[in-house]
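In this text, all values refer to a predicted model and were calculated from it rather than measured experimentally. Atom set for the values below is all heavy atoms of this structure, side chains included, hydrogens, waters and symmetry mates excluded. In what follows, chains carry the letters A, B, and so on, assigned in the order in which the sequence lines appear, proteins first and then strands, with residues in each chain numbered from 1.
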Amino acid sequence: MASNPSSPPPPPPSPSSPAPNPPARSAEERRAGFEQEALVHLDALYRVGLRLTGNASDAEDLVQETMLRAFRSWDRYTPGTNAKGWLLTILRHLFINEYRRRSRHPETVDVDTIEPFALFQEVQEEDPQGAFFDRIVDDEVLRAVDQLPEAFREAVQLSDVEGLSYEEVAKVLDVPVGTVKSRLYRGRRLLQARLYEYAVSMGYIKGQPKK
Amino acid sequence: MKCRECVEHLYEYLDRELTPELEREIKAHLAACEPCEEHFDFETLFLKFVRVRCQTQGAPPALRRRILEQLLEE
């Protein structure tokens, strides 16, 4: 209906709830802001939690605790900045302090023992387009990521799956950007080596005989 | 730019972490060098493969509900 000059003025906006008191409304706003900026990253937090703890039940507890702590310190978060990185940092600290101790031993990786492996060089004659990727099931990819040493696994997860920049990954892991680059490089190569072994064992590619 | 130098920057290029100048140089090299282009395409595919396959997992709906309930109690 178009506006009609003779129609009565619109009624005053009726409050949907009786006389909201200021503290209650601000708690409401706080929650709404948190849901909008933090809760949207729940999937990413859960995936990273899974990669760190190695099981769904611990991952759920870790994420729930992360969200609770984040909500309690929500006032210290500047709206519009990197909520995802902020949340992931909280999650990772919680994991290190509360979970890692009682699960697996902290791993130490002798980075120099990792052989450089370049998947492309292995398959470039047989399958340079990487068609065999399509035959690898999701679970096998996740398993290969889970088998990476923790330092590489978290770098690969944050960068390659969750899309953080080098700078953001460096902040979450509290290491220099150069360390992120080298962990990503080695993590990806190690992941390629695992996937290659799997693809060869399944007969998806013939592969090259070991030298 | 030589192939060797180009491949050294492989991941920084694919991750969009290079300076615009270096990025342009690499792009120019790739346009002129088929083996490098094929190599970069393969690695692009690999990274996309990892991302897509690992993103199929998401938080269980029950976890979301539990968190929302928890926030209401705060």
Side-chain angles (χ1 to χ4, degrees), chain A residues 27 30-31 34-35 38-39 41-47 49-51 56 59-61 63-68 71-72 74 118-121 123-124 127-131 133-134 136-142 144-145 156-157 159-163 165-167 177 181 184-185 188 191-192 195, chain B residues 2-23 25-26 29-74:
Chain A
R30 197 163 175 269
R31 209 159 32 233
F34 187 80
E35 282 178 27
L39 222 55
H41 300 299
L42 185 62
D43 286 339
L45 289 181
Y46 179 69
R47 281 191 295 262
L50 264 183
R51 299 283 82 74
E60 290 196 31
D61 290 349
V63 170
Q64 190 168 354
E65 186 62 23
T66 299
M67 283 299 192
L68 184 63
F71 186 64
R72 285 179 180 162
W74 188 234
L119 183 57
F120 179 67
Q121 270 145 39
V123 303
Q124 64 178 325
D127 187 359
Q129 316 277 304
F133 284 138
D134 290 338
I136 302 177
V137 294
D138 292 353
D139 279 352
E140 205 52 52
V141 184
L142 293 167
V145 174
V156 165
Q157 182 71 24
S159 162
D160 298 358
V161 184
E162 311 308 341
S165 69
Y166 290 175
E167 188 75 45
V177 168
K181 277 195 230 177
L184 274 180
Y185 177 78
R188 287 165 178 176
L191 190 55
Q192 291 188 342
L195 292 168
Chain B
K2 297 249 165 54
C3 295
R4 193 192 163 85
E5 194 192 339
C6 181
V7 171
E8 264 170 28
H9 294 297
L10 168 73
Y11 285 135
E12 288 164 293
Y13 177 81
L14 298 183
D15 293 331
R16 304 298 313 269
E17 297 271 358
L18 287 175
T19 60
E21 296 93 310
L22 203 45
E23 191 174 302
E25 275 184 59
I26 300 221
H29 177 86
L30 293 178
C33 176
E34 208 175 309
C36 278
E37 194 196 21
E38 198 176 57
H39 186 176
F40 274 52
D41 284 349
F42 181 87
E43 293 285 347
T44 303
L45 188 77
F46 166 73
L47 291 179
K48 187 179 164 207
F49 163 78
V50 173
R51 188 180 67 243
V52 170
R53 298 309 196 85
C54 292
Q55 275 188 350
T56 52
Q57 279 181 321
L63 175 62
R64 188 178 299 268
R65 274 199 304 277
R66 270 209 307 283
I67 290 170
L68 284 169
E69 283 165 15
Q70 193 180 33
L71 296 187
L72 282 170
E73 286 167 16
E74 281 294 303

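Both the backbone and the side chain of Glu12(B) have a heavy atom closer than 4.5 Å to some heavy atom of chain A. When heavy atoms are compared at a cutoff of 4.5 Å, Phe49(B) approaches chain A solely by way of its side chain, counted from C-beta outward. When heavy atoms are compared at a cutoff of 4.5 Å, Arg188(A) approaches chain B by way of both its backbone and its side chain. Proximity to chain A is limited to the side chain of Leu10(B), based on heavy atoms less than 4.5 angstrom apart. When heavy atoms are compared at a cutoff of 4.5 Å, Leu45(A) does not approach chain B at all. Neither the backbone nor the side chain of Arg16(B) comes within less than 4.5 Å of any heavy atom in chain A.
Residues Arg64(B) and Met67(A) fail the side-chain proximity criterion, which asks for heavy atoms closer than 4.5 Å. Between Glu17(B) and Ser165(A) there is a side-chain heavy-atom pair separated by less than 4.5 Å.
Ring-plane geometry between Phe133(A) and Phe46(B) is classed as tilted, the angle between the planes lying from 30 to 60 degrees on a 0 to 90 degree scale. Between Phe42(B) and Phe120(A), the ring-plane angle classifies as tilted under the 30° and 60° cut-offs.
Between the side chain of Glu74(B) and the backbone N or O of Leu68(A), no donor-acceptor pair lies under 3.5 Å. A distance-only check finds no donor-acceptor pair linking the side chain of Asp160(A) to the backbone of Leu47(B) [under 3.5 Å]. The backbone N or O of Gln64(A) sits nowhere less than 3.5 Å from a side-chain atom of Arg66(B) that would complete a donor-acceptor pair.
Inspection of non-hydrogen atoms places no residue of residues 2-9 of chain B under 4.5 Å from chain A.
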Problem set entry | side chain to side chain donor-acceptor pair (under 3.5 Å) between Glu65(A) and Gln70(B), intermediate numbers included | CA-CA 10 Å; Glu65(A) 186 62 23; Gln70(B) 193 180 33; 5.5 Å; no
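Contact count versus chain B (heavy atoms, under 4.5 Å) is highest, among Arg72(A), Gln124(A), Glu162(A), for Arg72(A). Residue with the most contacts toward chain A among Val50(B), Asp41(B), Leu71(B): Leu71(B) (heavy-atom pairs, distance under 4.5 Å). Of the listed residues (Val161(A), Val123(A), Val145(A)), the one with the most heavy-atom contacts under 4.5 Å to chain B is Val161(A). Most heavy-atom pairs under 4.5 Å with chain A, from the set Asp15(B), Thr56(B), Val52(B): that is Asp15(B).
Asp138(A) has a carboxylate O that lies under 4.0 Å from a charged side-chain N of Arg53(B), or vice versa, which qualifies the two as a salt bridge.
Remark: Asp127(A) pairs with Gln129(A), Ala131(A), Phe132(A), Ile205(A) by the side-chain contact (heavy atoms from CB on, under 4.5 Å) rule, at least two apart or across chains.
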